[in-house]
Number of protein chains: 2
Amino acid sequence: MVKKTVSTEEKIIAAAKKVFILKGIDGARMQEIADEAGINKSLLHYYFRSKDKLFDRVFSDSFIPVVKTINLVFEKFQDIDSLVEGFVRHYITMLRENPYIPHFIIHELNRNPDRIVEQIQSSSVNLNRIMEIISKDVEGHKLRPFKPVHVLVNIVALCVFPFVARPIIQGFLLNDSETEFREFIEERTQHIISFVKSAIFINHP
Amino acid sequence: MVKKTVSTEEKIIAAAKKVFILKGIDGARMQEIADEAGINKSLLHYYFRSKDKLFDRVFSDSFIPVVKTINLVFEKFQDIDSLVEGFVRHYITMLRENPYIPHFIIHELNRNPDRIVEQIQSSSVNLNRIMEIISKDVEGHKLRPFKPVHVLVNIVALCVFPFVARPIIQGFLLNDSETEFREFIEERTQHIISFVKSAIFINHP
DNA sequence: GTCTATAACCGGATAGAC
DNA sequence: GTCTATCCGGTTATAGAC
């Protein structure tokens with residue numbers, strides 16, 4: 001078993017990620033990040049100069065798993081059937097491992113859209129590919145005549161929304177029980193796949 | 001034409017709503033709210049004592065249109081067909097008029113779930129009704145055998161998500177064009193209705 | 001690189017005149 | 001009710017010793 005020495009910089013990033021995700025940039029305190037990392041507050045400035053710069057680093061890091069997941073799926077799967085299935089499976093898995101990422105990204109994106117546009121653009125995910133595949137299958141009367149953009153947004157919405165709205169869903173529909181929420185997410189992969197396929201395929205059992 | 005005199009209190013509420021929704025409670029500045037309302041900063045404290053109290057007022061006000069819409073739909077429609085249609089229509093209309101409400105609610109709910117649980121509980125929306133209707137229609141083989149909770153979450157997700165993730169959708173899929181986003185939302189009511197019905201009804205054209 | 005001490009600033013809240 | 005002036009606590013950021 002390899003015992004890795006975690007560098008101070010890594011400790012800071014990990015701690016900052018935790019605090020920023022939980023509190024947002026405005027709610028986060030440098031002191032809290034320092035405590036979480038088990039280091040001195042002024043070290044934060046030594047490594048990252050300012051709160052803003054530290055935040056930028058954490059924020060761009062957050063995109064990585066999302067982009068990775070999407071690209072992985074697009075490389076691996078080509079037809080609409082396995083694309084839907086692959087996308088939902090991998091995306092939900094990624095979200096289970098990073099449940100706070102969506103809210104974090106969405107929040108900071110609404111707060112400060114400009115700051116982030118480049119991040120998105122430079123992430124080089126090509127969503128047109130999937131829209132073309134949908135288009136073609138609509139023309140081939142394999143799929144119902146839905147507009148590809150909406151279908152794409154639907155799939156993402158069905159996956160992401162429960163993680164963004166977790167407190168409402170858990171508190172309001174699931175007896176405020178963490179266990180029930182976990183089960184809900186557990187079931188959900190298969191549910192979304194069935195739901196989407198029922199919706200889009202013209203001939204579906 | 002009636003010229004209403006807007007009371008200072010109303011001016012404050014309106015300004016606070018705008019700023020809190022845009023910046024969140026932590027990002028908002030009392031000075032900014034005062035400027036927005038065109039009044040002096042200390043008047044905010046005269047009327048509401050503290051930032052927290054002002055926020056609470058704004059936050060509970062934000063629930064009103066949401067709860068109203070849902071209750072309206074549930075009173076008016078009884079069968080699953082018109083419930084889906086009515087819900088999506090009214091909900092999207094309400095969201096178009098209050099596009100920032102979902103993000104606001106979700107954000108503060110993630111940030112501080114405790115503060116708000118009572119608000120939700122006291123809002124007295126009964127979502128069980130719709131779940132029972134779905135259950136019954138599943139048993140009657142009118143609907144595919146989906147779990148009602150998931151179907152309910154799906155419908156809300158499809159309506160709400162575009163408003164929460166607007167910067168991503170607009171910037172990434174719609175050429176960063178406000179006009180295209182408006183059109184997107186325009187089309188979306190009908191799209192969601194068709195999509196959901198295709199998904200849930202066993203016999204669908 | 002890491003710490004302590006402190007500067008510099010900001011923002012919510014209050015006092016008090018009008 | 002509304003304003004000006006001010007206080008005070010907290011937070012980011014820096015200086016400087018080790």
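Below, chains carry the letters A, B, ... as their sequence lines are ordered, and counting in each starts from 1. Quick caveat: nothing in here was measured; it's all calculated off a predicted structure. Values below: all heavy atoms of this structure, side chains included; hydrogens, waters and symmetry mates excluded.
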What integer distance in Å separates B:Asp26:CG from D:dT11:P? 11 Å
Whether B:Phe59 and B:Phe63 hold their rings parallel, tilted or perpendicular, with breakpoints at 30° and 60°: perpendicular
Considering every strand and a 4.0 Å limit on heavy-atom distances, what is the contact class for A:Ser42: base, sugar-phosphate, or nothing? base
Heavy-atom side-chain contact between B:Phe87 and B:Leu83 under 4.5 Å: no
Give A:Ala34 one of three labels, base, sugar-phosphate or nothing, depending on what nucleic acid heavy atoms sit under 4.0 Å from its own. nothing
Does D:dT12 have its OP1 or OP2 closer than 4.0 Å to a side-chain nitrogen or oxygen of A:Ser50? no
Should B:His45 be listed as having a side-chain N or O under 4.0 Å from OP1 or OP2 of C:dT14? no
Separation of C:dC3 C1' from A:Ile39 CD1 (nearest whole Å): 11 Å
Whole-Å distance, B:Arg49 CZ to C:dA15 P, equals 10 Å
Calculate the interatomic distance between B:Phe48 atom CZ and C:dG12 atom C1'; express it in whole Å. 16 Å
Nearest whole angstrom, please: distance from the C1' of D:dT14 to the CG of A:Leu43. 13 Å
Taking CG from B:Leu44 and C1' from C:dT14, how many angstroms apart are they, rounded to a whole number? 14 Å
Between C1' of D:dT11 and CD1 of A:Ile25, the distance in whole Å: 14 Å
Round to a whole Å and report the spacing from NZ of A:Lys41 to P of D:dT12. 7 Å
Any donor-acceptor pair under 3.5 Å joining the side chain of B:Lys51 to the base of C:dG11? no
Taking C:dT2, D:dG1, C:dG12 as options, the one with an atom nearest any side-chain atom of B:Tyr46 is D:dG1
For A:Phe201, is the NZ or CZ atom of A:Arg144 found under 6.0 angstrom from the centre of its six-membered ring and inside 45 degrees of the ring axis? no
Select one nucleotide: of D:dT2, C:dT4, D:dC3, the one nearest the side-chain heavy atoms of B:Tyr47. D:dT2
Chi angles and distances behind the salt bridge (charged side-chain N to carboxylate O under 4.0 Å, His left out) call for A:Glu85, A:Arg89: CA-CA 6 Å; A:Glu85 192 144 346; A:Arg89 274 192 208 295; 3.2 Å; yes
B:His45 versus B:Arg49, side-chain donor and acceptor atoms under 3.5 Å: no
Per atom distances to the B:Asn40 side chain, the nearest of C:dA13, D:dT12, D:dT4 is D:dT4
Can you tell me if B:Arg29 touches the phosphate of C:dG12, counting only side-chain N or O atoms and a distance under 4.0 Å to OP1 or OP2? yes
